[in-house]
Amino acid sequence: MAKGKYTDWIEPDGLEQLRAWARDGLTDEQIAHNMGICRDTLYEWKKRFPDMADALKKGKDAVDLEVENALLKRAMGYDYTETRTETTEDGMTRTVVTQKAMPPDTTAQIFWLKNRRPAVWRDKQQVEHSTDKPFEVNIRVIE
């Protein structure tokens, strides 16, 4: 695929490559570099070619959902099975299966809540105060 030619990138193979780079977590700047163009050119092409913009968005959406699911799983805690192979003193091997639990992670919970319910969980609450009584502010400049 020739670098820097938009025609190659709007073909099915080019769009699939863009989706893959986005899914792998590359930034727009890194994707543009891989394409042999500057970031501003990529932005212009995304405006001109909706298929290109969609491919990048779909690739990013897929990995974003995976990360979101992993964060939720970590925030809630989960059970898992650990399997390991041990060698006994007589040279035999055996498989040991252990059920384990990963406890909920409060940091992940806080992060989730601050982002999903910011009105309730953000650190800085916005408070408005109003009154129907007039007030006066005096400012004195000292030189």
Side-chain angles (χ1 to χ4, degrees), residues 1-88 92-143:
M1 192 170 307
K3 289 188 173 228
K5 292 180 72 177
Y6 76 87
T7 53
D8 294 334
W9 296 106
I10 57 175
E11 295 297 321
D13 288 345
L15 294 171
E16 185 56 39
Q17 181 64 64
L18 294 176
R19 250 187 312 278
W21 284 333
R23 190 175 48 248
D24 289 344
L26 271 63
T27 64
D28 281 351
E29 188 166 357
Q30 292 168 322
I31 291 170
H33 177 268
N34 288 353
M35 294 170 72
I37 60 175
C38 69
R39 187 184 66 214
D40 290 340
T41 301
L42 177 59
Y43 292 153
E44 286 300 316
W45 287 1
K46 283 169 44 175
K47 289 178 193 171
R48 283 179 48 200
F49 307 108
D51 288 347
M52 186 180 291
D54 289 345
L56 291 167
K57 182 177 181 346
K58 286 179 182 173
K60 289 177 183 181
D61 286 349
V63 76
D64 288 348
L65 286 173
E66 285 183 49
V67 171
E68 185 177 315
N69 288 335
L71 176 63
L72 178 59
K73 183 177 177 180
R74 186 70 179 105
M76 302 295 291
Y78 56 95
D79 296 325
Y80 65 99
T81 303
E82 182 179 272
T83 305
R84 67 180 191 280
T85 304
E86 294 180 347
T87 304
T88 61
M92 301 292 289
T93 59
R94 67 178 180 168
T95 302
V96 178
V97 178
T98 309
Q99 287 297 115
K100 294 193 169 188
M102 179 63 68
D105 182 335
T106 54
T107 302
Q109 292 170 346
I110 291 166
F111 184 81
W112 182 273
L113 289 169
K114 282 183 178 183
N115 284 282
R116 296 283 293 214
R117 301 195 58 203
V120 177
W121 286 93
R122 70 176 157 232
D123 289 330
K124 183 179 178 182
Q125 298 291 325
Q126 184 157 348
V127 178
E128 291 186 29
H129 179 73
S130 63
T131 180
D132 57 353
K133 296 181 180 179
F135 64 95
E136 185 177 311
V137 176
N138 292 316
I139 300 175
R140 188 174 75 182
V141 178
I142 301 174
E143 291 187 31

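All values derive from a computational prediction rather than experimental measurement.
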Would you say [X] and [Y] make side-chain contact, with heavy atoms under 4.5 Å?
{"X": "Arg84", "Y": "Thr98", "result": "yes"}
{"X": "Thr81", "Y": "Val97", "result": "yes"}
{"X": "Glu11", "Y": "Thr7", "result": "no"}
{"X": "Thr85", "Y": "Thr93", "result": "yes"}

For this session: Quick one: list whatever passes salt bridge (charged side-chain N to carboxylate O under 4.0 Å, His left out) with Arg94, sequence neighbours left out.
Result: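 In terms of salt bridge (charged side-chain N to carboxylate O under 4.0 Å, His left out), with neighbours along the sequence ignored, Arg94 is linked to Glu86.
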Problem set entry | salt bridge (charged side-chain N to carboxylate O under 4.0 Å, His left out) against Arg48, all qualifying residues, sequence neighbours excluded | none
Might you confirm whether atom [atom1] of [X] has over 12 heavy atoms from other residues, nucleotides or ligands at distances under 6.0 Å?
{"X": "Glu16", "atom1": "CD", "value": "yes"}
{"X": "Met102", "atom1": "CE", "value": "yes"}
{"X": "Phe111", "atom1": "CZ", "value": "no"}

Exercise. Taking Asp24 for the side chain and Leu26 for the main chain, is one N or O donor matched with an acceptor at less than 3.5 Å?
Worked result: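 No.
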Atom pairs and distances, donor-acceptor, side-chain atoms in residues 52-62, under 3.5 Å, two or more places apart:
residue : atom : partner : partner atom : Å
Lys57   : NZ   : Asp61   : OD2          : 3.0
Lys60   : NZ   : Asp28   : OD1          : 2.7

[atom1] of [X] to [atom2] of [Y]: how many Å apart, nearest 0.5 Å?
{"X": "Met76", "Y": "Trp112", "atom1": "CE", "atom2": "CH2", "answer": "9.5 Å"}
{"X": "Thr106", "Y": "Leu113", "atom1": "OG1", "atom2": "CG", "answer": "11.0 Å"}
{"X": "Thr87", "Y": "Met92", "atom1": "OG1", "atom2": "CE", "answer": "10.5 Å"}
{"X": "Asn34", "Y": "Glu29", "atom1": "CG", "atom2": "CD", "answer": "11.5 Å"}
{"X": "His33", "Y": "Trp21", "atom1": "NE2", "atom2": "CH2", "answer": "10.5 Å"}

For this session: Could you tell me how the ring of Tyr78 sits relative to the ring of Tyr80: parallel (under 30°), tilted (30 to 60°) or perpendicular (over 60°)?
Result: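 Tilted, since the angle between the ring planes falls between 30° and 60°.
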Looking only at heavy atoms, which two atoms of [X] and [Y] are closest? And how far apart?
{"X": "Gln30", "Y": "Gly25", "result": "OE1-O, 4.3 Å"}
{"X": "Pro104", "Y": "Ala75", "result": "CB-O, 3.2 Å"}
{"X": "Ala101", "Y": "Pro103", "result": "O-CD, 3.6 Å"}

For this session: Could you go through the side chain to side chain contact (heavy atoms under 4.5 Å, CB included) check for Asp8 and Met35 one step at a time?
Result: CA-CA 10 Å; Asp8 294 334; Met35 294 170 72; over 6 Å; no
Exercise. Which residue, Leu18, Ile37, Leu42, forms the side chain to side chain contact (heavy atoms under 4.5 Å, CB included) with Trp9?
Worked result: Leu18
